[in-house]
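One structure follows; several queries about it will come next.
Residue indices begin at 1 and follow the sequence shown. In listed order, ligands and their atoms are each counted from 1.
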Amino acid sequence: MTDRRTPPRLADQLYHDRLLPAETRAVRAEVRAFAAEHVAPLASDLGQLEEDPARFPFELVKAMGERGLLGIPFGTADGGRGLGQPMAATAVTIEELAYHSSGVAAIYDVHCILAGHALRHGSPRLRDRYLRPLLTGDAIGAFATTEPDASTDLSAAAVRTVASRDGDHWVIDGRKRFISNAPVAAFVVALCRTGDALAEIVVDLDADGVTVGPPDRKLGNRAQLTADIAFNQVRVPLANTVGEPGRGLRIALATLTRGRIGIAASGVGIAQAAFDEAVHHLSRRRAFGKRLGEFQHWQFLMADRATELENARNLYLKAALNLDDGVAFPEPEAAMAKLYATRLAVDLARDAVQALGGYGFLRELAADGSTFTPERLYRDAKVSEIYEGTNEIQRWIVAREIFGRDITG
Ligand SMILES: Cc1cc2nc3c(=O)[nH]c(=O)nc-3n(C[C@H](O)[C@H](O)[C@H](O)COP(=O)(O)OP(=O)(O)OC[C@H]3O[C@@H](n4cnc5c(N)ncnc54)[C@H](O)[C@@H]3O)c2cc1C
């Protein structure tokens with residue numbers, strides 16, 4: 001299956017990255033060219049076909065490793081690029097990947113930001129063993145906090161995956177759910193309860209007692225494979241603990257703050273793709289003797305959406321640049337960016353389906369085999385309002401800053 005045409009890219013016509021560091025702009029241009037060459041041709045199949053580890057884009061991940069794209073978030077000591085503003089560069093990378101495939105952007109986000117960033121808190125031995133192969137694309141990483149009965153609430157009382165100490169090993173029992181990349185990953189950084197506290201522990205997925213389930217069947221983002229991971233008496237060296245054992249939740253939350261900036265950037269990529277599809281169609285399709293774009297309804301809607309896109313992009317970049325500037329935990333900005341951009345992605349994907357009318361609802365037109373992108377964008381966009389902290393939780397984070405924790409809890 002191939003999309004019948006690629007609409008013109010409108011981002012640069014309306015949005016000017018002039019105020020961004022030159023380095024960030026250069027990374028955007030580099031990844032845009034890479035994504036057009038390597039992601040765009042795969043995007044339709046990856047987005048339509050059922051989840052299947054045999055179809056996971058290993059070669060694409062390897063190509064990203066070879067070009068150094070997986071090293072964008074990291075310092076040279078870990079084999080990364082050592083950029084001055086790594087989070088901003090990472091976020092624009094994710095936007096550019098998501099413009100073609102939000103599933104590929106999600107693979108990158110989990111691999112680099114979640115698994116990769118969590119490992120940055122680890123010992124030199126852990127980073128050498130697990131982080132370096134991530135950067136080359138030789139191993140795929142996963143990151144697990146969610147369980148069948150715990151996700152939004154990650155307190156020690158809610159987390160049921162337990163690591164018990166036995167000499168110089170942990171023995172882990174429990175189950176994680178919805179874990180991205182699990183069916184193809186070499187290891188997972190898993191949040192486990194150790195007594196009253198939580199620890200992040202790296203577990204090899206081929207270790208005795210680990211079972212990775214079959215991939216879940218999803219509405220969208222099908223390139224992103226998710227599955228359960230069950231731990232049954234899994235013995236893991238204590239040395240696989242990331243940071244101090246009691247700091248697991250803090251590491252997980254700091255990691256998720258970065259992840260949210262990534263999901264915001266991915267939302268902007270989806271929203272921009274939907275915007276371009278809609279404008280392309282509205283500029284050509286005729287009704288009542290006019291092009292649809294001649295009707296003020298569509299002009300005003302698209303003007304509003306362009307304004308929102310500008311805001312969404314600026315929000316994620318502000319959160320990213322704050323992080324790069326040393327603000328350790330820019331939680332409200334990251335929450336606002338994620339909330340705003342992912343809602344916009346869903347809104348704009350719906351607008352694009354509507355603007356294309358019946359064609360917007362189609363995957364493929366039987367009469368001539370034409371294929372259409374908006375239905376995929378519509379299916380893909382929704383999950384970004386759910387994962388890496390639901391949008392209700394993002395509102396809670398912002399509300400905490402407004403009212404204070406004594407009122408919001
Ligand atoms: C495609 C996909 C990929 C994923 N990848 C990963 C991964 O790699 N690693 C991982 O650990 N997890 C992953 N997840 C899990 C994801 O992060 C969770 O699904 C998400 O955090 C929501 O948790 P839940 O599904 O348990 O919903 P719940 O926590 O049960 O929440 C259900 C609803 O209740 C709302 N809610 C909860 N508490 C409150 C409250 N206090 N006030 C108001 N509303 C509230 C939520 O916002 C949500 O709308 C993935 C999920 C999906 C679908």
Practice problem: Quick one: do Asp347 and Arg350 satisfy salt bridge (Lys or Arg N to Asp or Glu O under 4.0 Å)? Show the steps, please. | Solution: CA-CA 5 Å; Asp347 286 346; Arg350 191 181 54 243; 3.1 Å; yes
Practice problem: Please say which of Ile179, Leu225, Thr226 ends up in a side chain to side chain contact (heavy atoms under 4.5 Å, CB included) with Asp216. | Solution: Thr226
Quiz item: Can the positive tip of Arg9 be found less than 6.0 Å from the middle of the six-membered ring of Tyr99, inside 45° of the ring normal?
Solution: yes
Exercise. Among residues two or more places apart or on two chains, list those pairs meeting ring-ring contact (aromatic ring centres under 6.0 Å, His included) that have a residue in residues 37-74.
Key: Phe34-His38, Phe56-Phe58
Quiz item: So, Arg217 and Glu50, do they make that salt bridge, N to O below 4.0 Å?
Solution: yes
Quiz item: Given side chains that start at C-beta, do those of Leu321 and Gln85 come closer than 4.5 Å, heavy atoms only?
Solution: yes
Quiz item: Heavy atoms under 4.0 Å from ligand 1: which residues qualify?
Solution: Phe143, Ala144, Thr145, Thr146, Ser151, Thr152, Phe178, Ile179, Ser180, Lys218, Gln224, Thr226, Val383, Ile386, Tyr387, Glu388, Thr390, Glu392
